[in-house]
Q: 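Below is a structure I'd like to ask you about.
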Amino acid sequence: MSSMTIGPIAPAATDPSERSALLFWMIFTGLSIFALVLLWRFGLIHLMLTSDRTYISSVIAALYIMTCGHCFLRTRAISREGAAARRCRAVLAAPDGGKLLDARATALPRGLVRDHIESLVTKAAAQDYRPVDQTLLLRTLADRLRGSNGFGAFVSDTLMKLGLLGTVIGFIIMLAPIAGLDAADKVAMRSSMGLMSDGMAVAMYTTLAGLVGSILVRIQYYMLDAATQRVFSDAVVLTETYVTPVLERQGADIKGAEIRGAGIKGAGTPS
């Protein structure tokens with residue numbers, strides 16, 4: 001009774017829906033856009049852009065938008081790979097699914113997982129269907145699934161460095177008038193105070209933009225990496241459960257046929 005209850009629940013926990021990764025990205029991006037609209041409504045975005053004379057905050061915003069587009073494309077690609085992997089599992093789990101491996105897995109849904117299965121079949125055939133070690137092929141699959149996901153870490157670090165650059169430039173602007181400051185000249189004092197205020201605004205706004213942009217990029221690519229890891233785990237389970245046992249069984253059948261053939265020839269040879 002307990003085994004019947006656990007059986008249907010386990011796949012649901014480890015087999016996310018086809019669009020889950022893309023859906024999470026869309027929810028997160030929707031919340032970010034909503035927060036951006038609120039900040040624009042209260043004039044904070046306009047204040048940041050007008051107060052930053054170095055335009056570093058604008059560069060950070062443009063780079064963040066471009067990175068969001070890249071993350072969307074990668075998330076959609078991973079969602080499609082996950083869907084293809086689940087369709088491959090459904091096909092191979094069928095009663096006659098193992099027969100599809102005889103045709104080098106060309107009947108399976110297209111994707112990186114199918115390419116990995118084709119490589120396994122080719123490797124097994126090349127080594128006479130001895131036990132297949134797919135460690136190196138799995139490393140290749142992991143690299144192909146990750147693709148350009150590392151771009152997110154690069155951009156996150158770049159946004160942080162741009163924010164720090166704006167901080168340094170802002171402090172330089174703020175401290176530059178102090179060298180020639182004359183306490184007796186009230187006009188110069190007022191001008192210097194204005195420059196110091198502008199420099200402080202540059203330092204604070206660029207730092208804030210860099211920190212917020214870096215954090216948001218990290219969150220997006222964390223979700224992308226998690227989705228990529230799930231697809232890779234599904235591929236490992238799929239091949240270890242439905243592919244390598246079939247290939248090893250084919251090797252055992254071939255060896256059995258060779259032994260029987262040798263026995264028949266030996267029995268037919270006159271003594």
Side-chain angles (χ1 to χ4, degrees), residues 5-41 45 60-94 97 108-117 138 140-160 209-242:
T5 305
I6 295 174
I9 294 177
T14 59
D15 191 13
S17 61
E18 179 177 346
R19 302 295 179 184
S20 62
L22 193 58
L23 179 61
F24 286 144
W25 182 89
M26 294 177 66
I27 292 174
F28 177 80
T29 304
L31 293 175
S32 301
I33 293 174
F34 178 72
L36 181 64
V37 170
L38 288 180
L39 294 176
W40 182 271
R41 176 68 178 80
I45 299 296
I60 291 175
L63 186 58
Y64 174 75
I65 293 173
M66 181 185 68
T67 307
C68 288
H70 175 266
C71 188
F72 167 73
L73 295 177
R74 288 296 306 151
T75 303
R76 185 178 64 175
I78 289 299
S79 297
R80 291 178 175 176
E81 291 296 335
R86 286 186 287 275
R87 289 197 296 269
C88 288
R89 181 174 183 174
V91 171
L92 293 176
L108 297 176
R110 300 178 62 87
L112 295 179
V113 176
R114 191 191 79 169
D115 295 342
H116 175 69
I117 294 175
L138 285 176
T140 303
L141 175 63
D143 291 338
R144 295 181 66 186
L145 285 175
R146 279 194 297 265
S148 57
N149 289 4
F151 180 71
F154 169 76
V155 172
S156 177
D157 184 65
T158 301
L159 294 180
M160 183 75 70
L211 285 174
V212 173
S214 177
I215 291 172
L216 295 180
V217 168
R218 284 282 186 181
I219 293 174
Q220 292 186 62
Y221 280 86
Y222 172 79
M223 294 188 297
L224 175 60
D225 289 338
T228 304
Q229 182 61 39
R230 286 197 298 268
V231 175
F232 178 74
S233 299
D234 289 344
V236 173
V237 173
L238 169 64
T239 52
E240 292 290 347
T241 305
Y242 298 106

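Side chains are part of it too, since the values below use all heavy atoms of this structure and drop only hydrogens, waters and symmetry mates.
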Q: Between the side chain of Ser214 and the main-chain N/O of Gly210, is any donor-acceptor distance below 3.5 Å?
A: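 Such a contact is absent between Ser214 side chain and Gly210 backbone.
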Q: Once salt bridge (charged side-chain N to carboxylate O under 4.0 Å, His left out) is applied, do any residues pair with Arg146, and if so which ones, sequence neighbours excluded?
A: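 Scan of Arg146 (salt bridge (charged side-chain N to carboxylate O under 4.0 Å, His left out), adjacent residues dropped) gives Asp143.
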Q: Checking Gln220 side chain against Cys68 main chain: does a donor-acceptor pair fall under 3.5 Å?
A: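 Looks like no, no N/O pair under 3.5 Å.
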Q: Please round to the nearest 0.5 Å and tell me the distance separating atom CG of Asn149 and atom CG of Asp225.
A: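 The CG atom of Asn149 sits 5.0 Å away from the CG atom of Asp225.
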Q: Using the side chain to side chain contact (heavy atoms under 4.5 Å, CB included) criterion, which residues pair with Ile215? Sequence neighbours excluded.
A: Ile219
Q: Taking everything shown except Met26 itself, do over 12 heavy atoms lie less than 6.0 Å from its CE?
A: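 Not more than 12 within 6.0 Å, no.
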Q: Suppose we screen for side chain to side chain contact (heavy atoms under 4.5 Å, CB included). Which residues come up paired with Val113, at least two apart in sequence or across chains?
A: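 Once residues adjacent in sequence are excluded, the partners of Val113 under the side chain to side chain contact (heavy atoms under 4.5 Å, CB included) criterion are Ala85, Ile117, Ala235, Leu238.
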Q: Taking the side chain as C-beta and beyond, is there a heavy-atom pair between Thr67 and Tyr221 under 4.5 Å?
A: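 Yes - at least one pair of side-chain heavy atoms lies under 4.5 Å apart.
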Q: Quick check on side chain to side chain contact (heavy atoms under 4.5 Å, CB included): which of Thr75, Ile78, Leu224 does Trp25 satisfy it with?
A: Thr75
Q: From Leu211 CG over to Leu216 CG, what is the distance, rounded to the nearest 0.5 angstrom?
A: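 The distance works out to 11.0 Å.
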Q: If you take all heavy atoms of Ser79 and Arg86, which pair is closest and at what distance?
A: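 For Ser79 versus Arg86, the nearest heavy atoms are O-NH2, 4.4 Å.
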Q: Taking side chain as C-beta onward, heavy atoms only, is Thr140 less than 4.5 Å from Arg144?
A: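 Yes, side chains in contact.
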Q: Measuring only between side-chain heavy atoms, which start at C-beta, is His116 closer than 4.5 Å to Leu138?
A: yes
Q: Taking all non-hydrogen atoms of both residues, which atom of Tyr64 and which atom of Ser32 are closest, and how far apart?
A: OH-OG, 4.3 Å
Q: Within this structure, what is the CZ-CD distance for the pair Arg76 and Glu81, rounded to the nearest 0.5 Å?
A: 12.5 Å
Q: In Å, rounded to the nearest 0.5 Å, how long is the span from OG1 of Thr158 to CE of Met160?
A: 11.0 Å
Q: Are Trp40 and Leu36 side-chain neighbours, meaning at least one heavy-atom pair lies under 4.5 Å?
A: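 They are not in side-chain contact.
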Q: About how many Å separate CE of Met223 and CG of Leu22, when rounded to the nearest 0.5 Å?
A: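 Atom-to-atom, Leu22:CG and Met223:CE are 10.5 Å apart.
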Q: To the nearest 0.5 Å, what is the distance between CZ (Phe24) and OG1 (Thr29)?
A: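 Reported to 0.5 Å precision, the distance equals 13.0 Å.
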Q: With side-chain contact (heavy atoms from CB on, under 4.5 Å) as the criterion, how do Val237 and Tyr242 come out once you've worked through the C-alpha distance, each side chain's angles and the decisive distance to 0.1 Å?
A: CA-CA 8 Å; Val237 173; Tyr242 298 106; over 6 Å; no
Q: For residues Val217 and Gly152, report the shortest heavy-atom separation together with the two atoms involved.
A: CG1-O, 3.5 Å
